[in-house]
Amino acid sequence: MPNTKPKRQLDLEDLALHEGATVLLRRALAQLGSGEWLEVRGDSAELAVHISAWCRKEGHRLEFQQGVKGGYRIQAAAVVPSVFTSRLEVSEIAEPGWGLAPRGACIESGGPEFAFTLRRKRDVWARELGSIYKQGVAGQWSASRDIPWSQLPALAPELESAVGQIMTFLTENEFAALYVPARFIPRIHPHYREVVEVLALQIVDEARHAEAFTRRAETGGVGLGTTATSGQLSLQTLLEEPDFTTATFLLCVMGEGTFLTLLRFLGEYAPDPVTAALARLAHQDEARHVAFGTEHLRYVLEREPERRSSLTAAVERRSRVLASVSGLSPYVHDALVVFAGGGISPAQVRSGARRVAELHREMDHSRRERLRSLGFEPEVAFQMSGYHTKNFM
Ligand SMILES: [Fe+2]
Ligand SMILES: [Fe+2]
């Protein structure tokens with residue numbers, strides 16, 4: 001005879017295990033501590049065979065109640081302790097064994113260890129993640145629905161081909177901006193899901209930008225322009241940066257920050273309403289990407305101020321690698337001049353060239369401002385902005 005009184009009773013009536021009796025058994029057993037007894041009765045056909053097999057599989061001990069037809073006693077197996085993580089408080093370090101569990105869920109012990117390498121809060125975190133994500137979701141636009149494609153006029157061929165060249169350049173950069181966060185997402189521990197969500201949305205934004213810019217070039221009749229080696233080399237150094245914070249700094253603060261100025265410029269001198277709408281909508285998205293990058297860097301630098309010098313070194317290193325690349329590709333430079341001047345008459349070129357020179361000054365100015373806001377000294381910010389790739393991104 002078992003030596004303790006059953007803690008609970010369960011009457012299965014004629015419910016068989018394959019009909020769902022296990023749901024009731026599990027619920028009843030979950031109320032028991034390890035070693036406590038559940039008294040069960042039931043009269044479904046072959047219950048004795050099925051309940052024995054089930055108890056064996058679940059690790060519970062089963063006894064038949066002597067003299068009671070359809071009566072059983074089940075001793076609850078030792079409970080495998082679960083781990084709780086708080087939903088609201090984000091841990092400084094996330095355990096590999098928490099795996100893909102949502103924060104705040106109860107996590108069964110003994111699960112697999114995942115190889116998420118970015119598992120310290122300060123590796124990935126930023127303030128304002130919730131509001132950046134919310135704005136991102138609300139600001140999603142469609143390249144087919146929200147762009148006035150039917151209002152695209154036939155531009156002079158030289159102007160249209162300048163637009164096509166600029167769209168080609170933008171698309172290369174959009175791809176880089178898509179691949180960089182995509183490389184890091186699988187390394188970020190899901191405990192920091194807000195970061196993953198913001199980056200996932202960023203990737204969707206870049207896919208849409210690439211789609212829309214390519215479509216603009218193709219719809220204008222002249223098509224895409226040339227991808228310069230200098231641009232590819234510059235973007236390759238960005239794609240190969242192995243450290244998340246450094247990559248985020250180079251992409252979202254330095255690169256996309258510079259692109260904010262470029263997109264504003266393209267919107268201002270756009271020769272048609274389609275190009276203007278694209279520049280405006282992409283600018284809105286990029287502003288969020290820059291906000292994430294800036295907030296992440298702020299979070300890291302508040303905790304590790306010494307990282308400023310490694311970021312300075314990263315910008316310098318990139319500039320050394322790109323030393324053979326003298327400046328912005330002539331394809332892009334010339335296209336910007338024609339774009340901003342509105343054509344290729346000497347007077348238009350003069351005014352376009354002046355505007356492009358002004359664009360470079362504005363880019364430099366806003367990069368330095370952004371660096372200053374992250375606590376870089378003015379001389380350092382001046383130097384870093386100067387070292388930043390001439391290809392903008
Ligand atoms: Fe973009
Ligand atoms: Fe972006």
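All residue numbers in this chain count up from 1 along the given sequence. Excluded from the calculations below are hydrogen atoms, water molecules and symmetry mates; all remaining heavy atoms, backbone and side chain alike, are included. Start at 1 and go down the list; that is how both ligands and their atoms are numbered.
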Q | R350 CZ: over 12 foreign heavy atoms closer than 6.0 Å | A | no
Q.
Taking salt bridge (charged side-chain N to carboxylate O under 4.0 Å, His left out) as the definition, give me every residue that meets it alongside D243, ordered by chain and number, with sequence neighbours left out.
A. R307
Q. Taking the six-membered ring for Trp, are the ring centroids of H283 and F265 within less than 6.0 Å of each other?
A. no
Q: Mind checking how many protein N/O/S atoms fall short of 2.8 Å from the Fe ion (ligand 1)?
A: 4
Q: Please identify each residue that fulfils ring pair (Phe, Tyr, Trp, His ring centres under 6.0 Å) with H289, with sequence neighbours left out.
A: none
Q.
My understanding is that only residues two or more places apart in sequence, or in another chain, count here; which of them pass salt bridge (charged side-chain N to carboxylate O under 4.0 Å, His left out) with R187?
A. none
Q) Testing I147, L152, L224 for side chain to side chain contact (heavy atoms under 4.5 Å, CB included) with R216, which one passes? A) L152
